[in-house]
Novice: 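Attaching a single structure in structure tokens format; questions to follow.
All ligand and atom numbering here is 1-based and tracks the order in the structure. If you're wondering where the values come from, they're calculated on a predicted model, not measured in any experiment.
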Amino acid sequence: MIALAADHGGYALKEEVRAWLDENKIAYKDFGSYDGQSCDYPDMAAPACKAVVSGECDQALLFCGTGIGISMAANKIKGIRAACCSDYFSAKYTRLHNNANALCMGGRVVGAGLAIELVDAFLHTEFEGGRHQRRIDKISALENK
Ligand code: RB5
């Protein structure tokens, strides 16, 4: 199950990605925005990220104007490793090396075609583990200080 969330800056891109998830029969829970009206990205990120941490959802796809604000908010939720990506290599390697559980994109930065390529890579790339797990454990240790 994928958690979706967006503010007004990311709403249109979320809707494009949501349509792609429908076409590909990938289950999701949409935490809004549902209308693209002005709202605050931390309010949208928090419930989607909490659903990932609780295990209700496996990963989150988050959208704002740049992808940056919502990634900053997401990374304040303990257990979330959110990556703001606008290129294919980063979207793939943040799964391989960082075991990222949230992909953030900017609706004013990437077009729908590229965003779908990023989402596809993110959702279908497995974490490599090994030495990368040790580094993630060190991120978790920082969270727990
Ligand atoms: C909203 O105008 C905009 O600031 C927000 O979507 C995002 O880009 C923040 O990082």
Novice: May I ask you to identify the nearest protein heavy atom to atom 10 (O) of ligand 1, giving residue, atom name and distance to one decimal place in Å?
Specialist: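 Checked against all protein heavy atoms, atom 10 (O) of ligand 1 sits closest to Gly69 N, 2.9 Å.
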Novice: Can you name the atoms of ligand 1, numbered from 1 with element, that are less than 4.0 Å from a heavy atom of Gly65?
Specialist: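 Selected atoms, number and element: 5 (C), 6 (O), 7 (C), 8 (O).
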Novice: Please confirm whether the backbone N or O of Asp40 pairs with a side-chain atom of Asp7, one donor and one acceptor, at under 3.5 Å?
Specialist: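 Absent.
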Novice: Counting each atom of ligand 1 from 1 as listed, which ones have a heavy atom of Cys64 under 4.0 Å away?
Specialist: 6 (O), 7 (C), 8 (O), 9 (C), 10 (O)
Novice: Does the residue Met72 have a heavy-atom contact with ligand 1, meaning some pair of atoms that are separated by less than 4.0 Å?
Specialist: no
Novice: Heavy atoms only: give me the nearest Phe122-Ala100 pair and the separation to one decimal.
Specialist: CZ-O, 3.4 Å
Novice: If you have a sec, work out which protein heavy atom is nearest atom 2 (O) of ligand 1 and how many Å separate them, to one decimal?
Specialist: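 Scanning the protein heavy atoms, the shortest distance from atom 2 (O) of ligand 1 goes to Arg108 NH1, 3.3 Å.
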Novice: Locate the shortest heavy-atom distance separating Lys78 from Glu143; write the atom from each residue and the value.
Specialist: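 Residues Lys78 and Glu143, closest heavy atoms: CA-OE2, 3.4 Å.
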Novice: I'd like to know if the side chain of Asp58 and the backbone of Met1 have a donor-acceptor N/O pair within less than 3.5 Å.
Specialist: yes
Novice: If you have a sec, work out which protein heavy atom is nearest atom 1 (C) of ligand 1 and how many Å separate them, to one decimal?
Specialist: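 For this ligand atom, the closest protein heavy atom is His8 NE2, 3.4 Å.
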Novice: Is there a donor-acceptor contact under 3.5 Å linking the side chains of Asp35 and Tyr11?
Specialist: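 Judged by distance alone, the side chains do not pair up.
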Novice: To check your reading of the model: name the closest protein heavy atom to atom 5 (C) of ligand 1, its residue, and the distance in Å.
Specialist: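 Of every protein heavy atom, Asp7 OD2, 3.2 Å lies nearest to atom 5 (C) of ligand 1.
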Novice: Any protein heavy atom lying closer than 4.0 Å to atom 8 (O) of ligand 1?
Specialist: yes
Novice: State, yes or no, whether a side-chain contact exists between Thr125 and Tyr93 at a heavy-atom distance under 4.5 Å.
Specialist: no
